[in-house]
Participant: 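Before anything else, here's the structure in question.
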Amino acid sequence: MSQKTAVQLAQEIRSGSVSAVSVTEAALAQIETKDGEINAFNTVAGEQALAQAEAVDKKVAAGEEVGPLAGVPVAVKDNMCTKNIATTCSSKMLEGWVPPYDATVVEKLSAADAVMIGKTNMDEFAMGSSTENSAFGPTKNPLDTSRVPGGSSGGSAAAVAADYVPLSLGSDTGGSIRQPASLCGIVGMKPTYGSVSRYGLVAFASSLDQIGPFSKNVSDNALLYDAIAGHDQRDSTSIAQQHTRVLPHLAEGVSLEGLRVGVIKELSTPGVEGFEPEVLARTGEASDALLAAGAKVDQVSVPAIKAALSAYYMIAPAEASSNLARFDGVRYGLREDGGNTAAMMRASRTAGFGDEVKRRIMVGTYALSAGYFDAFYGKAQQLRSYLIAEFAAIYKDFDVLLSPTSPCVAFEFGAKEDPVSMYLNDWATIPVNLAGLPAVSVPFKTGAHGLPVGVQVIAPMLEEVKMYRVAKALEEASK
Amino acid sequence: MTETENNKKLSKEDVQKVSELAMLNLDESQVEAFTPQLESILDLASELDAFDLDKFEPTAHPFGLQNVFRDDEIERVDVKQGALATAPDVEANQFKVPPALGEER
């Protein structure tokens with residue numbers, strides 16, 4: 001199964017040459033054998049998955065119309081609500097919580113006839129870049145189990161990299177899809193803000209969060225993106241327009257003739273601080289490859305990027321402190337005893353949240369408090385405007401931008417214990433979330449220790465077609 | 001806000017205060033551990049001082065939020081199966097909590 005792409009699998013299942021049940025059984029067997037060590041899954045939904053697969057096979061046998069993800073097993077990050085299947089956000093706070101409804105993306109997977117195989121491990125409430133912050137133990141990188149898979153969607157990335165499933169869903173607030181994709185050597189995409197519904201995604205930082213796909217290759221990624229994108233009236237930030245499918249635009253041979261690519265100086269110049277030399281070298285080779293494929297390539301400076309990380313680490317915690325106020329032991333999740341309501345709430349939150357979540361809630365509370373609001377949150381929001389204006393100006397002269405995804409290859413467990421050193425991992429991915437842009441990480445050869453390097457293609461809002469076409473060219477060139 | 005205020009040292013009392021606002025209980029050793037960490041995170045904000053941002057309005061959302069309306073249609077929802085089904089404590093179809101004015105334990 002590991003050699004087959006999702007596009008191939010769906011085709012074979014639709015044609016009846018392979019059964020969805022046998023594909024699901026194979027995926028479950030892989031998980032059973034290997035996941036004791038990797039720990040990509042919090043919950044494996046074997047029974048429900050087999051029932052879904054049987055339903056797909058019945059449809060095929062009856063000659064009925066079958067969806068684009070016909071029988072393809074998909075893993076879902078454990079911060080997206082799944083009816084009757086536990087959704088924990090890898091937190092003690094929500095351990096054992098079973099949502100009464102499906103997230104829109106989960107409904108869409110069913111509508112596309114995908115098989116939801118289980119819920120994947122993550123940094124608690126999506127706060128982290130290594131999946132070490134999970135209350136249920138870290139996920140290991142399938143390429144080297146002494147190293148992290150990245151995060152926060154580390155379980156979803158590992159589930160694909162370990163060949164359990166060809167597709168998975170993650171969420172990306174500051175790089176949580178693209179960075180683990182880079183560290184696990186797969187493709188991960190954060191769509192334009194508002195193009196995929198957040199209904200049923202447990203909120204971390206609402207103005208930044210976006211759900212997106214992981215896969216082994218670019219076409220599979222577009223296949224899953226096409227299945228989950230589109231307007232949803234249950235998400236007030238959902239873009240009110242119909243989704244135009246991306247995958248058909250990737251079918252013909254990709255020519256980049258005339259395409260203008262900007263390589264972001266602040267993130268790509270050889271010797272730039274904090275980036276491994278191999279990562280920068282691969283990014284240079286990726287830009288050469290685009291030039292060879294017919295694109296026009298130039299350096300471009302985005303000065304606001306220098307402070308984007310700082311702005312993010314004010315804005316994201318501020319939004320998190322507000323969003324996570326709902327976890328108070330009253331309506332769902334953990335409740336600890338206390339003599340009165342307030343004491344019960346404090347005791348529940350203290351026992352339910354891990355240290356990184358507490359840190360971010362406290363940073364956010366501080367940044368929003370009287371006397372500090374303007375200097376921290378207010379200024380960060382102004383930087384966000386400046387960054388958005390810079391991107392808008394640059395996109396008058398460029399079609400897409402290129403940078404590394406992560407400053408480094410997969411690192412060892414415990415290597416970044418100081419919170420700020422962990423935050424610096426998000427250096428190249430964060431500006432994209434602040435501006436609401438789409439971006440994809442594509443594996444491009446290897447760096448230190450023979451581990452994969454990912455390069456990032458950033459496009460203007462709703463220009464996923466352009467972004468994927470460039471990603472496809474990079475995929476070809478890295479072979 | 002001046003740069004000096006921005007780079008102001010965070011005291012243990014500040015962290016204690018913030019933890020109370022955030023409804024978290026921290027003991028002495030946790031306050032001790034969190035204080036330098038929070039300080040180094042808040043120090044990141046000093047990077048923002050390198051830019052003249054006065055002419056920029058604050059952005060709260062990547063492309064601005066608009067009110068979204070829908071028709072006011074009545075839908076029936078089964079609260080027992082839905083919102084109340086996984087609550088820690090329920091009585092008479094309502095969330096139950098300890099007394100608001102009771103003694104702390």
Side-chain angles (χ1 to χ4, degrees), chain A residues 97-98 100-101 193-194 207 233 236-237 304 306-307 309-311 313-314 321 328-333 335 337-341 343-347 349-350 353 358-359 361-363 365-367 369 374-376 378-386 388-389 418-420 423 434-436 461, chain B residues 1-2 5-6 10 14-15 17-26 30 33-34 37-38 40-51 53-63 65-68 70 81-89 95-105:
Chain A
W97 181 64
V98 180
Y101 69 101
Y193 182 87
S207 80
Q233 63 169 3
S236 65
T237 60
K306 284 184 193 147
L309 187 102
S310 306
Y313 277 101
M314 303 298 124
S321 72
D328 56 7
V330 174
R331 288 156 299 163
Y332 28 62
R335 175 182 292 189
D337 283 341
N340 60 33
T341 310
M344 177 278 286
M345 289 175 172
R346 281 199 298 273
R349 290 167 63 79
T350 301
F353 293 138
K358 286 176 182 165
R359 268 193 288 276
I361 288 174
M362 288 193 284
V363 166
T365 304
Y366 187 82
S369 60
D374 287 339
F376 291 100
K379 221 173 205 178
Q381 285 189 309
Q382 286 176 300
L383 190 282
R384 192 170 185 182
S385 308
Y386 175 34
I388 289 171
D418 160 56
V420 173
Y423 296 174
L434 288 172
M461 275 201 172
Chain B
M1 194 81 189
T2 66
E5 277 173 288
N6 226 354
L10 195 70
D14 291 333
V15 172
K17 175 83 195 307
V18 165
S19 72
E20 284 162 23
L21 290 172
M23 303 288 280
L24 296 166
N25 299 324
L26 298 187
Q30 286 170 314
F34 277 128
Q37 292 171 348
L38 298 192
S40 68
I41 298 167
L42 290 165
D43 267 352
L44 289 171
S46 61
E47 302 272 333
L48 295 167
D49 296 331
F51 295 91
L53 299 171
D54 288 346
K55 64 178 173 183
F56 293 100
E57 289 292 317
T59 292
H61 189 269
F63 46 81
L65 279 176
Q66 287 177 324
N67 284 328
V68 179
R70 65 166 172 80
Q81 292 300 313
L84 290 171
T86 55
D89 200 1
F95 297 108
K96 191 178 174 187
V97 293
L101 301 172
E103 293 277 307
E104 289 211 17
R105 279 202 294 262

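Throughout, protein chains are lettered first and strands after them, A, B, ... in sequence-line order, and every chain is numbered starting at 1. Predicted model only: the values in this text are computed from it and were never measured.
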Participant: Ignoring hydrogens, what is the shortest heavy-atom contact between Arg359(A) and Gln37(B)? Give both atom names and the distance.
Facilitator: NH1-OE1, 2.8 Å
Participant: At their closest point, which heavy atom of Leu44(B) faces which heavy atom of Ser310(A), and how far apart are they?
Facilitator: O-OG, 2.9 Å
Participant: Would you indicate whether the side-chain heavy atoms of Lys17(B) and Ser369(A) approach each other to under 4.5 Å?
Facilitator: no
Participant: Which distance, rounded to the nearest 0.5 Å, do you find between the CD1 of Ile41(B) and the OH of Tyr313(A)?
Facilitator: 9.0 Å
Participant: For chain B, which of Tyr332(A), Trp97(A), Tyr101(A), Tyr193(A) has the most heavy-atom pairs under 4.5 Å?
Facilitator: Tyr193(A)
Participant: Given that the side chain runs from C-beta out, which part of Tyr423(A) has a heavy atom under 4.5 Å from chain B: side chain, backbone, both or neither?
Facilitator: side chain
Participant: If you look at every heavy atom in Arg335(A) and Val97(B), which pair is closest and at what distance?
Facilitator: NH2-CG1, 3.9 Å
Participant: Taking the side chain from Ser236(A) and the backbone from Val68(B), do they hold a donor-acceptor pair closer than 3.5 Å?
Facilitator: no
Participant: Just how far is it from atom OG of Ser19(B) to atom CZ of Arg346(A), taken to the nearest 0.5 Å?
Facilitator: 9.5 Å
Participant: Should we count CD of Glu20(B) as having more than 12 external heavy atoms under 6.0 Å?
Facilitator: yes
Participant: How many angstroms lie between NZ in Lys358(A) and CG in Leu38(B), if you round to the nearest 0.5 Å?
Facilitator: 12.5 Å
Participant: Below 4.5 Å from any heavy atom of chain B, which atoms of Ala435(A) appear? Answer side chain, backbone, both or neither.
Facilitator: backbone
Participant: For the candidates Phe34(B), Phe51(B), Phe56(B), which exhibits the highest count of non-hydrogen atom pairs separated by less than 4.5 Å from chain A?
Facilitator: Phe56(B)
Participant: Look at Ala83(B), Pro88(B), Ala22(B) and state which one has the largest set of heavy-atom pairs under 4.5 Å with chain A.
Facilitator: Pro88(B)
Participant: What are the two closest non-hydrogen atoms of Ala307(A) and Glu47(B), and how far apart are they?
Facilitator: CB-O, 4.1 Å
Participant: Quick one: which of Ala85(B), Pro58(B), Ala60(B) has the most heavy-atom pairs under 4.5 Å with chain A, could you say?
Facilitator: Pro58(B)
Participant: If you take all heavy atoms of Leu42(B) and Phe376(A), which pair is closest and at what distance?
Facilitator: O-CE2, 3.6 Å
Participant: Compare every heavy atom of His61(B) with every heavy atom of Thr237(A), then report the nearest pair and how far apart it is.
Facilitator: CG2-NE2, 3.7 Å
Participant: So for Ala389(A), is it side chain, backbone, both, or neither that comes closer than 4.5 Å to the heavy atoms of chain B?
Facilitator: side chain
Participant: Please report the C-alpha distance between Phe353(A) and Leu24(B) in whole Å, then the side-chain angles of each, then the deciding distance to 0.1 Å, and finally whether the side-chain contact (heavy atoms from CB on, under 4.5 Å) criterion is met.
Facilitator: CA-CA 9 Å; Phe353(A) 293 138; Leu24(B) 296 166; 4.1 Å; yes
Participant: Quick one: of Asp418(A), Thr365(A), Leu434(A), who has the most non-hydrogen atom pairs under 4.5 Å with chain B?
Facilitator: Thr365(A)
Participant: Which atoms of Val420(A) are under 4.5 Å from chain B, going by heavy atoms: the side chain, the backbone, both sets, or neither?
Facilitator: side chain
Participant: When rounded to the nearest 0.5 angstrom, what is the spacing between OG1 in Thr350(A) and CE in Met23(B)?
Facilitator: 9.0 Å
Participant: Drop me the distance from Phe63(B)'s CZ to Ile388(A)'s CD1, to the nearest 0.5 angstrom.
Facilitator: 10.0 Å
Participant: Can you tell me which portion of Met314(A) sits under 4.5 Å from chain B's heavy atoms? Options are side chain, backbone, both or neither.
Facilitator: side chain
Participant: Please flag which part of Leu383(A) lies under 4.5 Å from any non-hydrogen atom of chain B: side chain, backbone, both or neither.
Facilitator: both
Participant: About how many Å separate CG of Leu84(B) and CZ of Arg331(A), when rounded to the nearest 0.5 Å?
Facilitator: 11.5 Å
